[in-house]
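In this chain, numbering begins with 1 at the start of the sequence shown.
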Amino acid sequence: MNPNPESPNPEQAQANQASAVRAAGDRTIQQYENWMQTNAAAHLMRAARQSGITARLREKQHTLDELCQSLSLSAETTRLLLDGLVAIGFVEQYEEDFALARAGHLLCQYDDDLGDSRWERLVGRLNNSGPAEADAAAYRARIAATQWIHTAAAMQAAEILDIGGESATPGPRILDLGCGSAVWSCAFAHRDAGATVVAVDDAAALKAALSTADSIGLSDRFRTIESDPLAATVGEQQFDLVVLAQSLSGYSDDQAAGLLQKAATALKPGGRIAVPDFYLGPSRAGLKESLGRLSVHLATPEGRVRDLRECQAMFLAAGLGEIQFTYLAASEAGLGMMVAARP
């Protein structure tokens with residue numbers, strides 16, 4: 001009989017230790033396999049691009065035989081490659097036909113090289129041997145094109161702001177400064193039938209923004225100003241809510257401060273500003289947050305993700321108060337949102 005029933009006998013302790021070692025080993029193997037599968041998936045997409053399969057499927061659907069004949073490919077290897085591409089969702093199969101998935105078309109349009117041109121800058125930036133080449137316009141175009149992935153986060157942000165709620169300003173006038181495809185401001189306006197939106201961005205982004213507004217029946221409450229957000233004239237004390245979505249981190253410190261000041265000036269007294277973006281917080285970043293922050297660094301000339309204290313100081317310098325921050329749990333990219341008010 002064990003004199004101390006709360007303590008396991010030596011055999012049980014040894015068995016528990018062995019089980020813990022096996023579990024740790026299983027986790028290590030699983031992590032290894034996950035890394036290898038992630039790397040292999042990227043190689044599948046690169047092989048499809050380099051062999052011409054992606055370009056063919058971007059034009060229209062094709063059978064395996066059609067792909068092999070037109071591109072002089074091995075039937076067995078192509079079949080196995082297509083199986084892998086279907087498994088990761090890059091390609092879709094309809095009986096004998098293969099088609100590029102919607103996300104595949106989006107990737108071809110804005111990251112045809114799978115982002116390699118951006119990520120290949122990383123080593124040069126690490127050792128200061130490569131130029132800090134970046135295209136701010138291309139970065140903003142990519143943000144606008146892929147902003148629809150933030151729909152759930154935008155809806156969550158609208159709930160946090162309590163737009164349309166009992167304590168909210170009825171029929172708010174919303175300024176979306178650097179709107180992209182206006183997913184955020186449209187989600188906000190959708191909650192209040194009296195809300196109106198003024199969206200500011202370049203022509204390509206405004207085309208996408210108008211499409212977003214039209215898709216949810218906001219066209220009659222949505223107008224646009226074609227302008228670089230940094231240079232736009234938006235007036236003073238005109239708006240109840242200003243949205244700066246995924247914008248500040250893409251600009252230099254001076255540009256971000258200037259844009260924030262413009263937004264603050266455009267607010268009515270008591271109006272609020274909402275800034276969904278990447279932030280550096282006290283907690284350890286996951287993979288999606290880390291990649292998002294690094295992507296901003298590599299893809300913009302002087303943009304950077306700032307920590308919460310820096311952002312708070314910027315908001316205070318712009319004359320804003322009642323500053324609050326929350327992580328957006330619904331965000332697929334690990335975004336947070338800072339909110340402040342004009343006194």
Handout entry: Validation row: I174, F239 side chains within 4.5 angstrom (heavy atoms)
Key = no
Fill in the blank from the handout: Interatomic distance, CE@M45 vs CG@L81, rounded to 0.5 Å, equals 11.0 Å
Handout entry: Side-chain heavy-atom pair V91, L57 within 4.5 angstrom cut-off
Key = yes
Practice task
Report yes or no: does Q156 contribute a side-chain atom to a donor-acceptor pair with the main-chain N or O of A154 at less than 3.5 Å?
Solution key: no
Handout entry: Side-chain donor or acceptor of R342 paired with backbone N/O of T265 under 3.5 Å
Key = yes
Exercise for the section: For S70 and R56, test the side chains for any donor-to-acceptor distance below 3.5 angstrom and give the result as yes or no. Expected result: yes
Practice task
Mind running side chain to side chain contact (heavy atoms under 4.5 Å, CB included) on R58 and H105 for me, showing each step along the way?
Solution key: CA-CA 7 Å; R58 192 177 180 188; H105 281 284; 3.8 Å; yes
Exercise for the section: Taking all non-hydrogen atoms of both residues into account, name the closest pair between S227 and A231 and its distance. Expected result: OG-C, 3.9 Å
Practice task
Examine distances only and state if a side-chain atom of S247 and a backbone atom of A245 form a donor-acceptor pair shorter than 3.5 Å.
Solution key: yes
Exercise for the section: Please lay out, stage by stage, how M337 and Y327 fare under the test side chain to side chain contact (heavy atoms under 4.5 Å, CB included). Expected result: CA-CA 6 Å; M337 182 172 69; Y327 282 108; over 6 Å; no
Exercise for the section: Following the transitive rule for hydrophobic clusters with a side-chain heavy-atom cut-off under 4.5 Å over Ile, Leu, Val, Met, Phe, Trp and Tyr, establish whether L71 and L64 coincide in one cluster. Expected result: yes
Fill in the blank from the handout: Of all heavy-atom pairs linking A195 and R221, the shortest is O-NH1, 2.8 Å
Exercise for the section: Applying side chain to side chain contact (heavy atoms under 4.5 Å, CB included), run through T151 and M155 and close with a yes or a no. Expected result: CA-CA 6 Å; T151 300; M155 294 171 65; 4.1 Å; yes
Handout entry: Heavy atoms of other groups near Q93 CD, more than 12 under 6.0 Å
Key = yes
Practice task
Using atom types as modelled and distance alone, determine if a side-chain donor or acceptor of S331 lies under 3.5 Å from a backbone N or O of L328.
Solution key: no
Handout entry: ILVMFWY cluster, L335 and L280 together (side-chain gap under 4.5 Å)
Key = yes
Handout entry: Joint cluster assignment, L114 & M36, ILVMFWY side-chain distance < 4.5 Å
Key = no
Completion exercise
In this structure, CE of M314 is separated from CD1 of I323 (nearest 0.5 Å) by 11.0 Å
Exercise for the section: Give a yes or no on whether L316 and V275 share a hydrophobic cluster (residues Ile, Leu, Val, Met, Phe, Trp, Tyr; joining criterion: side-chain heavy atoms under 4.5 Å apart). Expected result: yes
Problem - Within 6.0 Å of CD in E59, more than 12 heavy atoms from elsewhere - result: yes
Practice task
Look only at the side chain of D201 and the backbone of C179, and say whether a donor-acceptor pair between them is shorter than 3.5 Å.
Solution key: yes
Problem - Y94: side-chain hydrogen bond (donor to acceptor under 3.5 Å, both in side chains) partners, not counting sequence neighbours - result: E92
Exercise for the section: Could you tell me whether the side chain of F222 reaches within less than 4.5 Å of the side chain of T196, counting heavy atoms only? Expected result: no
Exercise for the section: Kindly compute the distance separating CG (L308) from CZ (F325), expressed to the nearest 0.5 Å. Expected result: 5.0 Å
Handout entry: Donor-acceptor contact below 3.5 Å, side chain T212 vs main chain S181
Key = yes
Problem - Enclosure of Q237 CD (heavy-atom neighbours >12, cutoff 6.0 Å) - result: yes
Exercise for the section: Determine whether the side chains of Q30 and N34 contain a donor N or O and an acceptor N or O closer than 3.5 Å. Expected result: yes
Practice task
Answer whether the closest heavy-atom distance between the side chains of L82 and T78 falls below 4.5 Å.
Solution key: yes
Handout entry: pair L267-I273: side-chain heavy atoms closer than 4.5 Å
Key = yes
Problem - Nearest heavy atoms of G303 and V296, plus distance in Å - result: C-CG1, 4.2 Å
Practice task
Return the minimal non-hydrogen interatomic distance between A48 and F90, and the atom names on each side.
Solution key: CB-CE2, 4.5 Å
Exercise for the section: Look only at the side chain of S295 and the backbone of L291, and say whether a donor-acceptor pair between them is shorter than 3.5 Å. Expected result: no
Exercise for the section: Would you check if I216 and C186 make a side-chain contact, meaning some heavy-atom pair closer than 4.5 Å? Expected result: yes
Fill in the blank from the handout: side-chain contact (heavy atoms from CB on, under 4.5 Å) with Y279: of E310, R293, M338, R306, only one passes, and it is M338
Handout entry: ILVMFWY network linking V242 to L230, side-chain heavy atoms under 4.5 angstrom
Key = yes
Practice task
Decide side chain to side chain contact (heavy atoms under 4.5 Å, CB included) for R304 and D253; before the verdict, give the C-alpha distance in whole Å, the side-chain angles of both, and the deciding distance to 0.1 Å.
Solution key: CA-CA 8 Å; R304 66 187 184 91; D253 290 346; 3.1 Å; yes
Problem - CG on L85 to CD1 on I53, rounded to 0.5 Å - result: 7.0 Å
Completion exercise
Result for side-chain contact (heavy atoms from CB on, under 4.5 Å) between L244 and one of D277, L177, L175 points to L177
Problem - Distance-only polar pair, side chains of T169 and D240, donor-acceptor under 3.5 Å - result: no
Problem - Distance, nearest 0.5 Å, that separates CG of D307 from CD of Q312 - result: 10.0 Å
Practice task
Search all heavy atoms of A209 against all heavy atoms of G180 and return the closest pair with its distance.
Solution key: CB-O, 3.6 Å
Fill in the blank from the handout: Residues A99 and Q61: closest non-hydrogen pair is CB-CG, 3.5 Å
Exercise for the section: Please confirm whether the backbone N or O of V198 pairs with a side-chain atom of R223, one donor and one acceptor, at under 3.5 Å? Expected result: no
Practice task
Decide yes or no for F278 and Q246: does some side-chain heavy atom of the first lie under 4.5 Å from some side-chain heavy atom of the second?
Solution key: no
Exercise for the section: Look at atom NE2 of H62 and say whether more than 12 heavy atoms of other residues, nucleotides or ligands are closer to it than 6.0 Å. Expected result: yes
Practice task
State whether the side chain of E66 and the backbone N or O of T63 hold a donor-acceptor pair below 3.5 Å, judged by distance alone.
Solution key: yes
Practice task
Kindly say whether G250 contributes a backbone atom to a donor-acceptor pair with the side chain of R140 at under 3.5 angstrom?
Solution key: no
Problem - Exercise: do Q255 and S252 side chains pair donor with acceptor under 3.5 Å - result: yes
Exercise for the section: Using a cut-off of 6.0 Å, state whether more than 12 heavy atoms not belonging to K207 lie near its atom NZ. Expected result: no
Exercise for the section: Using a strict cut-off of less than 4.0 Å between a Lys/Arg side-chain nitrogen and an Asp/Glu carboxylate oxygen, indicate whether D113 and R49 qualify as a salt bridge. Expected result: no
Fill in the blank from the handout: Rounding to 0.5 Å, atoms OG1 (T38) and CH2 (W35) come to a distance of 10.5 Å
Practice task
Please examine the side chains of F98 and V86, heavy atoms only from C-beta on, and report whether any two atoms are closer than 4.5 Å.
Solution key: yes
